[in-house]
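Letters go in sequence order (proteins before strands), and every chain restarts at 1. Values reported hereafter were calculated over all heavy atoms of this structure, with side chains retained and with hydrogens, waters and symmetry mates removed. Every value quoted in this text rests on a predicted model; they were computed, and no experiment measured them.
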Protein chains: 2
Amino acid sequence: MDQRSQRKQREYEARREEILLAAERMFSQHGFFKTSMAEIAESAQFAMGTVYRFFKSKEEIYISLVEAKVEELLSLLKEATKGGASTPEKLREVINVKLAFADQNRDFFRIYVSEWSGFEWTVKSAFGDRVWKKYLAQIDLVANLIKEGIKSKDFRKVNPKDTSLALHGMLNSTIYVWILQAGPKESLVDKGKWLGSLFLGGIGAVTTKS
Amino acid sequence: MDQRSQRKQREYEARREEILLAAERMFSQHGFFKTSMAEIAESAQFAMGTVYRFFKSKEEIYISLVEAKVEELLSLLKEATKGGASTPEKLREVINVKLAFADQNRDFFRIYVSEWSGFEWTVKSAFGDRVWKKYLAQIDLVANLIKEGIKSKDFRKVNPKDTSLALHGMLNSTIYVWILQAGPKESLVDKGKWLGSLFLGGIGAVTTKS
DNA sequence: TGATAAAATGAATGAAAATTCCATCTTGTC
DNA sequence: GACAAGATGGAATTTTCATTCATTTTATCA
């Protein structure tokens with residue numbers, strides 16, 4: 001009985017996941033507006049009606065997609081900043097994690113980076129609000145890291161939040177350009193080391209540690 | 001007779017221009033997909049049928065806008081590199097012109113950046129090709145400038161085209177971030193000086209001139 | 001096995017918007 | 001001032017979907 005419903009639960013989740021994957025595929029190929037529910041359904045190998053049993057609208061699919069990814073990235077970042085390493089080390093790790101994530105989720109980033117600004121409603125609607133909060137949580141996470149680094153004299157005195165924003169901006173733009181140029185198999189992660197030096201070199205107290 | 005048709009011509013152009021301006025206004029506010037032809041027509045104070053006498057589709061309006069902008073920027077850049085100033089000066093001017101242009105066309109750039117993935121005319125279609133060629137012309141223009149600078153020993157020996165691409169990449173990413181973060185009234189142009197030093201400092205022969 | 005409930009289907013619906021059509025108005029010409 | 005050619009307006013048509021729901025299929029279990 002309980003077993004049964006557990007399996008049901010699992011299967012439900014699995015199907016939901018499949019739909020999200022299909023949607024990610026389609027959205028990244030054609031963008032939000034030019035992807036139809038029919039295409040999503042077909043790509044997920046379900047009928048349209050079925051898709052609607054899992055998500056109440058196309059918009060909700062999009063938002064769920066973004067939310068799941070942003071959440072995933074946030075928890076990866078939390079993981080990366082947990083250990084006992086030095087602050088600059090942690091910062092380098094943050095950079096690596098984010099770039100690696102973009103690398104592995106290239107399709108997703110293509111929609112995310114390229115459309116979030118076009119969707120004012122994303123930020124305004126209740127759902128979008130959740131997404132936005134999670135994004136801000138990323139910023140805060142790194143801002144705290146910077147605060148720490150200032151205390152430990154690893155970084156000079158800067159506004160932590162602004163600086164965190166700047167770092168994220170730097171990473172985002174790098175990711176963006178990398179995605180747009182769609183070059184061969186240039187690795188995004190490789191740029192992390194250089195970006196790290198740039199950022200730390202710019203922010204470091206006197207001479208850069210490590 | 002000839003006078004007459006000349007005036008007709010002028011008036012035709014003026015109307016076309018008005019429609020483009022209205023479209024730019026609407027697209028900038030709501031994005032491409034959420035702007036309807038009815039809105040464009042209303043904003044231009046024409047009826048829909050009239051708008052269709054000037055442009056055969058909504059997409060064509062958008063395309064014409066993009067093309068005009070890219071063209072405009074190219075000619076501004078040509079202007080900037082014409083005089084008798086030193087090569088590093090010209091380079092700084094290129095940076096300023098490009099940033100100022102993005103600054104003045106902020107709203108428009110935002111849709112361009114955020115929605116272009118929704119179109120199928122990428123670099124392949126006849127249109128995308130025209131735009132792309134004009135973009136490459138910008139790269140070449142600057143590449144020639146760099147070549148000049150190398151000859152005059154203002155710059156060290158680098159691959160001019162690659163370096164030009166790098167500079168454009170640097171500017172683009174700065175512009176992207178600035179556009180996407182949609183901050184208050186931070187000036188983009190103000191960043192030009194700093195970007196200039198960075199680029200020239202990196203490329204300068206021994207110590208940077210000016 | 002067959003009765004019942006739950007899930008899945010996809011054609012039908014309706015709304016929003018792009019595009020077309022043509023009646024009406026403007027302008028230029030003689 | 002009358003006629004033609006062209007321009008304009010906006011209602012009507014067509015297209016494109018998101019969403020719904022009557023029906024069919026599948027799963028559960030006595």
Side-chain angles (χ1 to χ4, degrees), chain A residues 1-23 25-27 29-65 111 115 118-119 121-122 125 127, chain B residues 1-23 25-27 29-65 111 115 118-121:
Chain A
M1 184 81 87
D2 196 37
Q3 300 289 331
R4 292 291 164 81
S5 71
Q6 263 189 307
R7 199 205 53 212
K8 276 246 167 121
Q9 182 68 16
R10 271 202 315 280
E11 284 183 354
Y12 177 90
E13 303 271 308
R15 268 161 222 184
R16 204 185 119 102
E17 203 53 41
E18 265 191 83
I19 292 170
L20 283 178
L21 277 171
R25 248 181 344 256
M26 301 319 280
F27 284 150
Q29 271 173 52
H30 313 303
F32 178 82
F33 290 103
K34 299 235 298 182
T35 296
S36 69
M37 288 301 267
E39 285 171 309
I40 292 173
E42 201 198 326
S43 172
Q45 296 179 290
F46 282 112
M48 273 160 72
T50 309
V51 172
Y52 274 89
R53 291 192 29 55
F54 292 86
F55 300 93
K56 77 171 194 301
S57 70
K58 184 173 143 182
E59 187 172 317
E60 203 195 284
I61 295 180
Y62 179 80
I63 285 166
S64 304
L65 192 58
I111 6 166
E115 279 183 358
F119 289 76
W121 51 265
T122 299
S125 72
F127 278 122
Chain B
M1 184 79 88
D2 196 36
Q3 301 288 331
R4 295 292 164 81
S5 70
Q6 262 188 308
R7 200 203 54 213
K8 276 242 166 126
Q9 183 68 15
R10 269 201 317 279
E11 285 182 355
Y12 177 90
E13 304 272 307
R15 267 163 223 181
R16 204 185 119 101
E17 203 53 39
E18 264 192 85
I19 292 170
L20 282 178
L21 277 171
R25 243 177 354 252
M26 300 318 279
F27 285 149
Q29 274 172 49
H30 312 302
F32 177 82
F33 292 102
K34 299 230 296 181
T35 296
S36 70
M37 287 301 267
E39 285 172 308
I40 293 173
E42 200 197 324
S43 172
Q45 296 178 290
F46 282 111
M48 275 162 69
T50 308
V51 172
Y52 273 90
R53 291 198 25 48
F54 291 86
F55 300 94
K56 77 170 194 301
S57 71
K58 183 173 140 183
E59 192 161 304
E60 201 194 286
I61 295 180
Y62 183 76
I63 282 168
S64 303
L65 268 175
I111 7 158
E115 283 184 5
F119 297 90
E120 59 242 347
W121 49 263

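To the nearest angstrom, C1' of dC21(C) lies 12 Å from CE of Met48(B). Residue Lys58(A) contributes atom NZ, which lies 15 Å from atom P of dT20(D) at whole-angstrom precision. One can place CD of Glu39(A) at 12 Å from P of dT16(D), the figure rounded to the nearest angstrom. Between Glu59(B) atom CD and dT19(C) atom C1' the separation is 14 Å, expressed in whole Å. Regarding Ile19(A), its CD1 atom lies at a distance of 10 Å from the P atom of dT9(C), rounded to whole Å. As rounded to whole Å, 13 Å separates atom P of dT9(C) from atom CD of Glu42(A). Rounded to an integer number of Å, the gap from CZ of Phe33(B) to P of dA18(D) is 12 Å. Between Glu18(B) atom CD and dT8(D) atom C1' the separation is 14 Å, expressed in whole Å.
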Nucleotide N/O to protein N/O under 3.5 Å, stretch nucleotides 22-24 of chain D:
none

Output a table of nitrogen or oxygen pairs between the protein and nucleotides 4-7 of chain D separated by less than 3.5 Å.
{"residue": "dA7(D)", "atom": "OP2", "partner": "Arg53(B)", "partner atom": "NH2", "Å": "2.7"}

Show which side-chain atoms of residues 48-56 of chain B pair as donor or acceptor with protein atoms under 3.5 Å away, not counting sequence neighbours.
{"residue": "Lys56(B)", "atom": "NZ", "partner": "Glu60(B)", "partner atom": "OE1", "Å": "3.3"}

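Which of dA18(C), dG9(D), dT19(D) sits closest to the side chain of Ala47(B) comes down to dG9(D). Looking at the side chain of Phe54(A), the nearest of the listed nucleotides dA8(C), dA18(C), dT8(D) is dA8(C).
Once rounded to the nearest 0.5 Å, the distance linking CG of Leu65(B) with OH of Tyr62(B) reads 8.0 Å. Rounding to the nearest 0.5 Å places CE of Met26(B) at 5.0 Å from OG of Ser43(B). In this structure, Leu21(B) CG and Glu18(B) CD are separated by 7.5 Å, a value rounded to the nearest 0.5 Å. Between atom NZ of residue Lys58(B) and atom CZ of residue Phe32(B) there is a gap of 4.5 Å, rounded to the nearest 0.5 Å.
Residues Glu39(A) and Lys34(A) approach most closely at OE1-O, 3.4 Å, considering heavy atoms. The two residues Ala41(B) and Ala47(B) make their nearest non-hydrogen contact at CB-C, 4.0 Å.
At least one side-chain heavy atom of Ile40(B) sits less than 4.5 Å from a side-chain heavy atom of Met37(B).
Applying the salt bridge (Lys or Arg N to Asp or Glu O under 4.0 Å) test between Arg15(A) and each of Glu17(A), Glu11(A), Glu13(A) identifies Glu11(A) as the sole match.
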